[in-house]
Amino acid sequence: RPYDRALLRMLYKLTQYFGLQKEDAFLKTSYKKGKSPASYVHAEKDAEGVWQVANEGELEVVYSVEKAILKKFLQPGPNQIAESHNAGFLDGYLADMRFTPGFRKVISLFAFWSELEEAGDEIGMSVTLDALSKDFNLSLAYLEVMCRQSEKFAAEVVMRLQHAVPGDVATKYLCGQLFTTLESLLLAQRQMANFGDFNVDNPTGRYRLELSNCSDYAVAERLLLLDRWEAAVDRKLERADVSQLGNGTHLRNPLFQGRSVHASCYSIAEWKLPEYGEFQVDYASNQKPPKETHVLSDDLWDRLLLDMFASNCTPEDRIAVLRSISHGFYITSAHMRSLIGYFKTEEQRADVFICFYLRIVDIHNSKMFRVRFESAAELRKLQVRLGFAAFFPFFQPENAKFDLELAENDQRLCATMFVNLAIQEGMQNFRSYSYIRGDGTKDPMTMGVPKSWASMETIPKEGTFSGEYNCAPEYRKFSHRKDIAVKYGYVNGIEDLQESDVLWWTGLTEPPEDVIELLEFFISRYDNIQQPFIDIDGVDGNGVITIREFVDGLNEMKCTKFDRKKGSPDQRTKEQRIDAVFRYMDQGNEGSVSAEEWNVLGQLWAEFDLSIKEFVHFLVLCFGDDLSEAWEALDADGSGEMDEEEWLEAVQKIGYFGPASVVFALLDSSDDGNISFDEFEVLEKYKPSKYRSGSKADIEGCAEDAGELLPVPPDE
């Protein structure tokens, strides 16, 4: 076919243009003559400079200019671009690969456009705009001329071609001025919503794109290009492959028309982007905070969230605004914890969480926000979208529950990381583990978890490995945890990080319920968790507590939390319940609890205290400083008291995301299963200081602290 031969010549010309070896550009070559496979010989130029391609047979090939990207933009030279400069790469690549018409050629283009307008050929105009949107670089002046030539089609011109002009803020604003009516502007903004919300410098997120829409197609095209760019960066920096299928891509779970793209090709890099249909994909960038970076101040972060909460925008619009500025600053784990508490639905929390997860500077403290996700299903969805390796609890894997499909590369990699951790810290750290083979049968694992699973070469490539990991503090190998965080998590700047720098944390849903009962008992009688340890061990004790000392100490404190209550479905004896609590704290299984192991109660105390403060802060935001108004809203039937079921339903209705049952347990001081307003008033002592509007100087100081994130207008 002459057309196919012409296309092949164009590919060889492009290969020469980028200075690539033919073998580096033409991948997975398959050539047949008739029905028989044959050896393919690459084309060469003749004396007149024409590429002499084969004129018979059938050639299938994957063509890639990835090495050209690496050569031009990543290697030292005048065109070199910083690895983290996504916008610079896209600008350079699109300038090279798209046609930029000169003044003389654009005159012919305008003449052709004018002829279509005069003929009333709307189909021809639509086809022309589609072609320009995919292959041309244009200027704002060109768009203005086309809009003036066809005022009726002006909205279509801007809507389909805005992504083909420079992407700076000023140009975007001036493009908006080309719309002739407010109605056409609003309609176009809906059509261009995905392109308007796309943040090239923080592209991590989920995308649902309609490829027949030019703006959505442009987003899909840029995602594929960014994927190739970041894959090239990974190879340059010799990073481990943590992709979903082991093909180096940062695109996850790609669906076209509801079907997996992987059903037709192994890597999405080999997939030709269609011009129609629905494309859904998750993007997980490789960019992490640099070694020395500026973190948004707590004060400005709080003001930002408070203003967002007070706005009349929908949650989706709030997320879009946050995404648009997310590349301008970095946050802490504490910031992330407060952020997800502002969103009511699981989908909203997931979107905002994923947007900012890779912007966290102290990822070693990530457990303080991980514990807010009480639902295992919600955590699983985050892992699927972000990547199991990216979401791995490198620094605090204690109490981490895992359920890994070994057929996928990143989940298999997580399994090897857990096994390597256990080899370093103790194979007994695996709890309640199981392996279901690919055929559905259960492996008895009589010898425990095989140490051979520490290697990607020897771990099974099918089946499901599940279990829990827990390590006693004295057996942690923190240096090893740092090593895997650097290798597989791409974490920067932790060379000097010490174990004492980590905010060790435990979630309230992790321990058995009896442990929380004991904690509530201590909180009601002590100011800190060290004092009951001293009381049980004795002032001159040996620093460890045995089960006998533990039982005797609780009896001396007159602790009745574990006494069997009449009518309770729990038939365990007091001794059995106390023994279960002791065994939970004895993480090293030595038969005694050290001061370090006892500190798990201190971590729970910190989580308990913070959860209560966050709940009260949420009530103040919703109902003001007077908590009696919050009580009236929660006690919908006006009965004056609430049982736990009524309480949980009420706090869910007002949109609170957090451990509401823990708050109920604190308030139910009488242990009668109900809370009254008198008991509710104990929350007064947890109220935050009243939010102050602040002077202009204060706000400007915060804005200056955040760089150019939130410039303050002169009149505000």
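No side-chain donor from either of Asn420 and His480 sits under 3.5 Å from a side-chain acceptor of the other. Side chains of Thr332 and Asp362: no donor on one and acceptor on the other come within 3.5 Å. Between the side chains of Thr546 and Ser592, no donor N or O sits under 3.5 Å from an acceptor N or O. With 3.5 Å as the limit, one finds no donor-acceptor pair spanning the side chains of Trp505 and Gln396. For the residue pair Thr249 / Asn247, no side-chain donor-acceptor distance below 3.5 Å is found, with atom types taken as modelled. Defined by atom type and a distance below 3.5 Å, a donor-acceptor pair is missing between the side-chain atoms of Asp227 and His250. Defined by atom type and a distance below 3.5 Å, a donor-acceptor pair is missing between the side-chain atoms of Asp299 and Ser297. A donor-acceptor pair shorter than 3.5 Å cannot be found between the side chains of Asn429 and Asn470. With hydrogens and angles left out, the side-chain atoms of Asn409 and Gln244 include no donor and acceptor closer than 3.5 Å. A donor-acceptor contact closer than 3.5 angstrom links the side chains of Tyr469 and Glu425. For Ser285 and Glu230, the side-chain atoms include at least one donor-acceptor pair closer than 3.5 Å.
Between Asp586 atom CG and Tyr584 atom OH the span is 12.5 Å, to the nearest 0.5 Å. With rounding to the nearest 0.5 angstrom, the CG atom of Asp443 is 12.5 Å from the OG1 atom of Thr464. For the atom pair NZ of Lys685 and NZ of Lys613, the computed distance is 10.5 Å after rounding to the nearest 0.5 Å. For the atom pair Ser333 OG and Ile363 CD1, the distance stands at 5.5 Å (nearest 0.5 Å). Atoms NE2 and CD1, from His617 and Ile612 in turn, are 15.0 Å apart once rounded to the nearest 0.5 Å.
Although no hydrogens or angles enter the test, the distance criterion places no donor-acceptor pair under 3.5 Å between the side chain of Thr416 and the main chain of Ala454. In this structure a side-chain-to-backbone donor-acceptor pair under 3.5 Å is present from Tyr283 to Leu226. Between the Tyr207 side chain and the Pro203 main chain, a donor and an acceptor come within less than 3.5 Å of each other. Remark: side-chain polar atoms of Gln576 are paired, donor with acceptor, to backbone N or O of Thr573 under 3.5 angstrom. Judged purely by atom type and a 3.5 angstrom limit, Glu597 uses its side chain to pair as donor or acceptor with the backbone of Ser594. Checked by atom type and distance alone, the side chain of Arg431 pairs as donor or acceptor with a backbone atom of Gln428 at under 3.5 Å. Between the side chain of Asn202 and the main chain of Asn199, no donor-acceptor pair closer than 3.5 Å is present. Checking side-chain atoms of Tyr330 against main-chain N and O of Leu358 turns up no donor-acceptor pair under 3.5 Å. Formation of a donor-acceptor pair under 3.5 Å by the Asn399 side chain with backbone atoms of Glu510 is not found in this model. Side-chain atoms of Tyr266 come within 3.5 Å of backbone atoms of Leu245 as a donor-acceptor pair (strictly under, hydrogens ignored).
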Requested in this report: Might you work through the salt bridge (charged side-chain N to carboxylate O under 4.0 Å, His left out) test for Lys487 and Asp483, ending with a clear yes or no?
Outcome: CA-CA 6 Å; Lys487 183 175 181 179; Asp483 289 343; over 6 Å; no
Query - Derivation and outcome, side-chain hydrogen bond (donor to acceptor under 3.5 Å, both in side chains), residues Gln287 and Asn86 - result: CA-CA 10 Å; Gln287 295 189 21; Asn86 286 352; 2.9 Å; yes
Requested in this report: For side-chain hydrogen bond (donor to acceptor under 3.5 Å, both in side chains), just list the numbers for Ser455 and Glu457, CA-CA rounded to whole Å, side-chain angles, deciding distance to a tenth of an Å, and then say yes or no.
Outcome: CA-CA 5 Å; Ser455 168; Glu457 285 71 34; 2.7 Å; yes
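A salt bridge is absent between Arg323 and Asp351; no separation between the charged side-chain nitrogens and carboxylate oxygens falls under 4.0 Å. By the 4.0 Å N-to-carboxylate-O rule, Arg337 lies close enough to Glu607 to be salt-bridged with it. Salt bridge annotation for Glu405-Arg412: absent, with no cationic side-chain nitrogen under 4.0 angstrom from a carboxylate oxygen. Between Glu495 and Lys482, no side-chain nitrogen of the basic residue sits less than 4.0 Å from a carboxylate oxygen of the acidic one, so the salt-bridge criterion is not met. The pair Arg476-Glu596 fails the salt-bridge criterion, with no side-chain N (NZ, NE, NH1 or NH2) lying under 4.0 Å from an Asp/Glu carboxylate O. Comment: Lys561 engages Glu520 in a salt bridge, judged by a side-chain N to carboxylate O separation of less than 4.0 angstrom. Ion pairing between a basic and an acidic side chain is recognised when a charged N comes within 4.0 Å of a carboxylate O; Lys236 and Glu83 show such pairing. For the pair Glu499 and Arg481, the salt-bridge criterion is not met [side-chain N within less than 4.0 Å of a carboxylate O]. Comment: Arg239 engages Asp234 in a salt bridge, judged by a side-chain N to carboxylate O separation of less than 4.0 angstrom. With respect to Arg583 and Asp579, a salt bridge is recorded, a charged nitrogen being found less than 4.0 Å from a carboxylate O.
Taking the side chain as every heavy atom from C-beta outward, Ser338 and Glu614 never approach each other to under 4.5 Å. Within the 4.5 Å cutoff, the side chain of Pro512 has no heavy atoms near those of the Val581 side chain. Using a 4.5 Å heavy-atom cutoff, the side chains of Met427 and Val449 are in contact. Inter-residue side-chain proximity for Leu322 and Phe356 is flagged as met; some heavy-atom pair is nearer than 4.5 Å. Using a 4.5 Å cut-off on side-chain heavy atoms (C-beta onward), Gln383 and Gln411 make no contact. Looking at Met557 and Tyr526, their side chains come closer than 4.5 Å, going by heavy atoms from C-beta outward. Contact annotation: the side chain of Asn253 approaches that of Val384 to within less than 4.5 Å [non-hydrogen atoms, C-beta and beyond]. Contact check for Ile675 versus Phe664: side-chain heavy atoms found under the 4.5 Å cut-off.
The aromatic rings of Phe369 and Phe353 sit perpendicular, their planes meeting at an angle over 60°, well past the 30° parallel limit. Note on ring orientation: taking the six-membered ring where Trp is involved, the planes of Phe402 and Phe430 are perpendicular (angle over 60°, cut-offs 30° and 60°). Aromatic ring orientation, Phe395 versus Phe478: tilted (interplanar angle from 30° to 60°). Ring planes of Trp647 and Phe615: tilted class, angle from 30 to 60°.
Judged by the 6.0 Å and 45° rule, Arg359 forms no cation-pi pair with Phe329.
Atom CD of Gln652 has 12 or fewer neighbouring heavy atoms from other residues, nucleotides or ligands inside a 6.0 Å radius. Within 6.0 Å of the NZ atom in Lys461, the count of heavy atoms belonging to other residues, nucleotides or ligands exceeds 12. Counting non-hydrogen atoms of neighbouring residues, nucleotides and ligands closer than 6.0 angstrom, the CG atom of Asp563 exceeds 12 such neighbours. With a 6.0 Å radius and a threshold of 12 heavy atoms from other residues, nucleotides or ligands, Gln531 has its CD atom above the threshold. Counted within 6.0 Å of CD on Glu590, heavy atoms from surrounding residues, nucleotides or ligands total more than 12; the atom is thus considered enclosed.
Of all the heavy atoms in Ile484 and Phe392, the pair that sits closest is CD1-CE2, 4.1 Å. Nearest heavy atom pair, residue His327 against residue Asp201, reads CB-CB, 3.7 Å. Residues Asp501 and Asn365 share a closest heavy-atom pair of O-OD1, 4.3 Å.
Annotation: Tyr656 is in aromatic contact with Phe618 [ring centroid separation under 6.0 Å].
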